There are 2 protein chains.
Amino acid sequence: MKNQSVSVRIQDVARAAGVSVSTVSRVLNGRDDVAAATGQRVRKIIDELGYSSSLAAKGMRSRHNHVIGVIIFDLSLSFCIEVVRGIDQMVQAQAYDLIVHTSNRAKHSGDPAWERKVVAQLNGSIVDGIIFVTPATINLPTNYPVVTIDPSDEGAFPSVIATNCKGAYTAVRYLIELGHRRVGLIGGSPALLSARQRRQGYAQAHYEAGLPILPELYAEGDYSYQTALIGARQLLSLPERPTAIMAANDQSAFAVMGIANQLGIRVPQDLSVIGFDNTPESAYTTPPLTTVDQSIVTMGSRAAELLIQWIEGKPVEDRLYELPTRLIVRASCQAWPGHS
Amino acid sequence: MKNQSVSVRIQDVARAAGVSVSTVSRVLNGRDDVAAATGQRVRKIIDELGYSSSLAAKGMRSRHNHVIGVIIFDLSLSFCIEVVRGIDQMVQAQAYDLIVHTSNRAKHSGDPAWERKVVAQLNGSIVDGIIFVTPATINLPTNYPVVTIDPSDEGAFPSVIATNCKGAYTAVRYLIELGHRRVGLIGGSPALLSARQRRQGYAQAHYEAGLPILPELYAEGDYSYQTALIGARQLLSLPERPTAIMAANDQSAFAVMGIANQLGIRVPQDLSVIGFDNTPESAYTTPPLTTVDQSIVTMGSRAAELLIQWIEGKPVEDRLYELPTRLIVRASCQAWPGHS
DNA sequence: TGAGCTTTCGGTATCGTTACCGATAACGAT
DNA sequence: ATCGTTATCGGTAACGATACCGAAAGCTCA
């Protein structure tokens, strides 16, 4: 009664099968130096006992668990969720397992080395590589397999990002071509490269069309619905309100449509709204949202693909891997008949 | 150059601080038998090196990591995401860390012992307890801290679930009181207790009102948008179509509204739609969705709370922990003027 | 028949950490 | 001055798995 561990250990399997732990280990890892009959017997016991080797012990010794880790800071952003979904797809396809780690925000707040600590916690022992989905400057030794998504800066790691500038540019040009001259922008947090790029695209379209950029038409957000509500109310309460609003992401666009609805402003007749992301919901709002597709899921898959490549020894360049964006025209924008 | 481990080990900290690994371990775990000066010195080194102890090694020895695990099968269901969000909240509040594990579906398919295997992988060594968010019969030794959410059956574990039957009953009675006599149902997978309970509530409301239950008004779904599209099209293409549809979850209700829109059926004038979940999006569809609130986030928090209780030695009963539901009346339902 | 090779397996060291035991020094009390 | 007590630390053995080495048995071939 000394050993009342709830889980079965390799030792128990070995005893039950009448072989050594080494042999069980060999069976587990599919080595070919096991007699067929022995292998079968061991496998049968494994199934009967519902045994599976402990990730921790296995990883500590072998440093290869076929598991990749995802560090995520904010589970409430649907962007993050979609990314994880994409990662999951690739991971499943490549027969890896996935571990998503939400680190204690309070515990790490203000710690400049938190990324290194998180990596140390999971490194080698549990996961073979890590994808960061978090708006933070990553500060790490560069020789450990790490890929970032939608980073805060162009850094020393492979990063997956969309062609944000171009996407926003296309969207705003589309609005301008529809005749809009007062185009509002609800931006994302400037801490994120993607938000800065999208604002740049907005500016570039204005610049090319010879239109001024009006500071009162900009509201800073953070890609969240809540914050965008505030920005939307602000822009739509302006004495001379914008005829179109480009939201930095779909979530923000939904907020704009919600506020417009509240204020009795009709979309698209009185206000054109354009989003960014092409989240699944965007097709089913009323009216369906015109938006810039950046296939977030693909970003996740791509990141996972790069990481697995790296893990398996193939070289991966430290640079921005850009994924294309494209304008999805639905029904939330309309030509502006005014002084065009 | 023999030891080119990327991460710092406790040994490195010990050497740098001029103490033994035991002492560093004591500092790490906040023991009081360390001199103040030594503690400070060690802590400084730890910060400088960005050291954090490996979850795997630590857990293997001490069997208490302050980490809880969540096993999730399908990341594409927003229900699951919301649950995880709730778990995360509680976990953060109690200063635990969270690990979400998506196990390889292909690898486990058809394995009757997969839950035991997953637990074995994570058990003790990495996490202190596990929350299952997966529609599966859980088959486990009962002495390991496990809580399930929205289980397939009332089993031998603490499980968190909503008052589904009552919620669905209330919703359908509301429709009947509005004058509807042909109420369609897009159900969830019968493998889930919640889906069976909701269908039961639907039946009960009909029974109490003396209305027959028409088999052609039932379409089986699985809580997913995609599948619900099929069911919705089926119900709305009926020669004598329902005047109201109760969807087993919001996601399915969105599908109904989408199809109705496609077919030129106006909601709520021509068709009342009611959902279940009260997901954030449901308030912002057009029209805003009338639905049954089951505060999924709270379900997650409650599950985490129970699990942590269990882990910390307080007793937790093996039973269904029911969370209340309530009808949220918005604008997707209307009185049916017909032969009432 | 024996040398040499292959197949199959067991024993031992080890991964990074904590638990446990015991050693040392400092200090107060008698 | 001696002893007991306390504060502080180091050494060693695990945790559960895999890597590596080498042993035993079976086979081939001269």
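A quick note: this is a predicted structure, and the numbers were derived from the prediction, not measured.
Proximity of B:Asp97 to B:Asn65: side-chain heavy atoms (C-beta onward) are nowhere separated by under 4.5 Å. Side-chain contact between A:Gln121 and A:Ile126 is absent, with no heavy atoms from C-beta onward closer than 4.5 Å. Side-chain contact between A:Arg9 and A:Asp12: present, with at least one pair of heavy atoms (C-beta onward) separated by less than 4.5 Å. Considering only heavy atoms from C-beta on, B:Val83 stays 4.5 Å or farther from B:Ile72 through its side chain. The shortest side-chain heavy-atom distance between B:Leu306 and B:Phe157 does not fall under the 4.5 Å cut-off.
By the 30° and 60° cut-offs, the orientation of the rings of A:Tyr96 relative to A:His66 is parallel.
Rounded to whole angstrom, the span from the CZ atom of B:Arg9 across to the P atom of C:dG16 amounts to 5 Å. When the P atom of D:dG16 is taken as reference, atom CD of B:Gln121 falls 16 Å away, rounded to whole Å. Atom-to-atom, CD of A:Gln40 to C1' of C:dT8 comes out at 16 Å; the value is rounded to the nearest Å. Rounding to whole angstrom units, NZ of residue A:Lys58 and P of D:dT18 are separated by 5 Å. Atom CG of A:Asp128 and atom P of D:dT18 are 14 Å apart (whole Å). In this structure, the CG atom of B:Leu28 is 12 Å from the C1' atom of C:dG16, given to the nearest Å. Look at NE2 on B:His64: it is 19 Å from P on C:dT17, rounded to the nearest Å. Here D:dC20 presents its P atom at 12 Å from CG of A:Asp33, a figure rounded to the nearest Å.
Comparing C:dG10, D:dT18, C:dT17 by their closest approach to the side chain of B:Ser53 singles out C:dT17. For A:Ser62, the listed nucleotide lying nearest its side chain is D:dA19; candidates were D:dG16, D:dG10, D:dA19. Which of D:dA17, C:dT17, D:dC9 sits closest to the side chain of A:Ala57 comes down to D:dA17.
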Protein N or O to nucleotides 11-14 of chain D N or O, pairs below 3.5 Å:
residue, atom, partner, partner atom, Å
D:dG11, N7, B:Ser22, OG, 3.0
D:dG11, O6, B:Ser22, OG, 2.7
D:dA14, N3, B:Arg61, NE, 2.6

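Nearest-nucleotide positions on DNA chain D for A:Asn29 and B:Asp32 put B:Asp32 closer to the 5' end.
For C:dT8, the OP1/OP2 oxygens have no side-chain nitrogen or oxygen of A:Arg31 closer than 4.0 Å. The shortest distance between the side-chain N/O atoms of B:Tyr51 and the OP1/OP2 oxygens of C:dT17 is below 4.0 Å. Within the structure, a side-chain polar atom (N or O) of A:Ser25 is placed less than 4.0 Å from OP1 or OP2 of D:dT18. Residue A:Thr38 places none of its side-chain N or O atoms closer than 4.0 Å to OP1 or OP2 of C:dT8.
To the nearest 0.5 Å, the span separating OG on B:Ser159 from CE on B:Met299 amounts to 9.5 Å.
One axis for each end of the helix from C:dT1-D:dA30 to C:dT30-D:dA1, each built from five base pairs, and the angle between them comes to 50° at 10° resolution.
Between the side chain of A:Asp88 and the backbone N or O of A:Leu98, no donor-acceptor pair lies under 3.5 Å.
Residues B:Thr23 and B:Ser20 bring a donor and an acceptor atom of their side chains to less than 3.5 Å of each other.
When all heavy atoms of A:Ala304 and A:Val91 are compared, the closest pair comes out as CB-CG2, 4.4 Å.
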